[in-house]
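Shown next, in structure tokens, is the structure this report addresses.
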Amino acid sequence: MIKAPPGTKDILPPESEIWQKIEETARKIFKLYGYREIRTPIFESTSLFQRSIGEVTDIVEKEMYTFKDKGGRSLTLRPEGTAPVVRAYLEHQFPQKDQFQKFYYMGPMFRYERPQKGRYRQFHQIGVEVFGPSHPMMDVEVIAIQWRLFKELGIDNIEVVINSLGCEKCRPAYRERLVEYLRANRERLCETCQRRLERNPLRVLDCKNEGCRRVVREGPEITEFLCEDCKKHMEQVEKGLQQLGIPYRVDPFLVRGLDYYTRTVFEFIHKSLGAQNTVSAGGRYDHLVKELGGPDIPGIGFALGVERLVLILNARGLQEEKKPLYFILLGEDSLMKGMELMEKLRNNGIPVMWTGKTGSIKAQLRLANKKGASLVAIMGEDELNRHSIKIKNMETGEESEVKWEEVSSFLSSYYS
RNA sequence: GUGGGCGUAGCUCAACAGGUAGAGCGCUGGACUGUGGCUCCAGUGGCUGUGGGUUCAAGUCCCAUCGCCCACCCCA
């Protein structure tokens, strides 16, 4: 038997209903904040990701699905959503015609990693990107959107963690000081961190190893190195969050795995997720647009992992959708008339379906029951002759015979 | 890429110390002729992930391989 490739999976009902719920809620909220959808290709030129994410990151070095097409072009299945959106923003001349843009996107991303809880090779992200504003209140807005989304989905015990990564003026000084400090404590670090120290020292900050954490906690904090502008930016973000009543925690050691972030970074963390406990994250990227060949336009965005969100929602259990009215039709004549009746009910927005069986009433009723129907409509010769149909409540067993013309209004309150 | 755990019926799991595979649930039908759920009865179920090896004999022991899960790593 052929199975789905490792790290991929089918999203079957009823789980697909949770996905729809998430997507619908997200779209509704994005609209509320004035964001519009952008859809970019699933694959892009490999160089786009090399230049944006950073050559020495793990994503670029070993996790990309890269291949050559028949024309010899090197293409890569997108490992994240921001770079493609920036590329589209530039390709369609937005800086020249309408710099200020708020986009949202949702779709699959691809990274070649070993699958585990909350981590897949094909996974889905929902995210936004804002181009233009450098004001800290836009950072607050982007965090507020996520906060609202989780709240609306009924997730409350989520933790918001923020930090500032500084800018090109202040980060180098911190980085230098950090490397100096870490080198001095080299023998206390784990093996991977000793390697990281030379390649990507900021990543030592979020090592999970207890020994490394202790070293990090005793070391320099970026907060102390921020320049006046960055410090002020951070303060404003905090004030904004307080104003909106969004609880948060500052973690001076929070960093991101992608090179392009500047100033504000944030993560939304949920305990139930296991080792991959970040459900949503992002930050400001003030020079990414420039690095990809455009003018120096600041940006900020977030991405959330849909699979991880589903994990949280699944663990909690989501309320069942209302089941459609099941039609039990006995005999050819009833079936024919029933098809017509069902169409009429659908015209009025009432979800109905035929059991698909032509057998005995018992068999059909049993099927409807198995499918969890709460209401069924029964029509045989008797009802047909009386131009009516029986509506049966499967929970109470109660039945009432209703004229064809009145079925729709009879049901409207239940299915409103 | 590294480590640990696990692969037996559609699902959850049994099978003493190697002796030729079993239960519950599910599914189909019946008892019940136009009324489901409950009950009872019957039926349906498997190349024990795959390929080798040891043995008179392998679900069980050994090796390899594939897959799943979790963790490292990484990140949404």
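If you're wondering where the values come from, they're calculated on a predicted model, not measured in any experiment. Quick note: numbers below take in every heavy atom, side chains included, and nothing from hydrogens, waters or symmetry partners.
- Paired runs in RNA chain B that reach 3 or more consecutive Watson-Crick or G-U pairs, where each pair keeps both distances under 3.5 Å, cover B:1-7 with B:66-72, B:10-13 with B:22-25, B:26-31 with B:39-44, B:49-53 with B:61-65.
- Arg73(A) pairs by the side-chain contact (heavy atoms from CB on, under 4.5 Å) definition with Asp69(A), Leu75(A), not counting sequence neighbours.
- For the P atoms, the distance from C25(B) to C69(B) is 29 Å, rounded to whole Å.
- With both ends at atom C1', the span from C73(B) to C13(B) equals 35 Å, rounded to whole Å.
- Taking atom P in both G10(B) and G5(B), one finds a spacing of 28 Å when rounded to whole Å.
- A search for side-chain contact (heavy atoms from CB on, under 4.5 Å) contacts involving Tyr414(A) returns Lys322(A), Ser374(A), Leu375(A), not counting sequence neighbours.
- The separation of C47(B) from C70(B), taken at their C1' atoms, amounts to 31 Å, rounded to a whole angstrom.
- For the residue pair Glu401(A)/Ser388(A), the side-chain donor-acceptor check at 3.5 Å is satisfied.
- Nucleotides G18(B) and C40(B) have their C1' atoms positioned 40 Å apart, rounded to a whole Å.
- The ring pair (Phe, Tyr, Trp, His ring centres under 6.0 Å) analysis of residues 356-400 of chain A, with sequence neighbours excluded, yields the pairs His387(A)-Trp404(A).
- Checking the phosphate oxygens (OP1, OP2) of C72(B), a side-chain nitrogen or oxygen of Gln116(A) falls inside 4.0 Å.
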**Asked** Which nucleotides of nucleotides 33-39 of chain B have their base under 4.0 Å from a protein heavy atom (B), which only their sugar-phosphate (S), and which neither (-), written as one string 5' to 3'?
**Response** SBBBB--

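- Judged as a side-chain hydrogen bond (donor to acceptor under 3.5 Å, both in side chains), the pairs with a partner in residues 209-224 of chain A (not counting sequence neighbours) are, in order, Arg188(A)-Glu218(A).
- Rounded to whole Å, the C1' atom of U8(B) lies 11 Å from the corresponding atom of U60(B).
- Across all strands shown, Arg119(A) has heavy atoms under 4.0 Å from base atoms, whether or not it also approaches the sugar-phosphate.
- Side-chain contact of Arg148(A) with Tyr33(A): a donor-acceptor pair under 3.5 Å is present, judged by distance alone.
- Qualifying side-chain contact (heavy atoms from CB on, under 4.5 Å) partners for Arg346(A), counting only residues two or more places apart in sequence or in other chains: Met342(A), Glu343(A), Val352(A).
- The interatomic distance linking Lys357(A) (NZ) with C27(B) (C1') rounds to 11 Å, in whole Å.
- When the side chain to side chain donor-acceptor pair (under 3.5 Å) test is applied to Trp147(A), no partner is found at least two apart in sequence or on another chain.
- Shown here are the side-chain contact (heavy atoms from CB on, under 4.5 Å) partners of Thr66(A), two or more places apart in sequence or in another chain: Thr46(A), Met64(A), Ser74(A), Thr76(A).
- The aromatic rings of Phe302(A) and Phe30(A) sit tilted, their planes meeting at an angle between 30° and 60°.
- Rounded to an integer number of Å, the gap from CG of Asp58(A) to P of U2(B) is 15 Å.
- For the C1' atoms, the distance linking G4(B) with G46(B) amounts to 29 Å, nearest Å.
- As rounded to whole Å, 12 Å separates atom C1' of G67(B) from atom CZ of Arg121(A).
- Base engagement by Gly118(A) is indicated by at least one non-hydrogen atom pair under 4.0 Å involving a base atom.
- To the nearest whole angstrom, the two C1' atoms, one in G24(B) and one in A15(B), are 15 Å apart.
- Distance CD1 (Ile53(A)) to P (C75(B)): 10 Å, rounded to an integer number of Å.
- Nucleic acid contact class of Arg114(A) (heavy atoms, under 4.0 Å, all strands): base.
- Within the nucleic acid shown, Ala368(A) has no heavy atom closer than 4.0 Å to any nucleic acid atom.
- Rounded to an integer number of Å, the gap from OH of Tyr120(A) to P of C68(B) is 12 Å.
- Taking side-chain N and O atoms only, Arg203(A) has no distance below 4.0 Å to OP1 or OP2 of C73(B).
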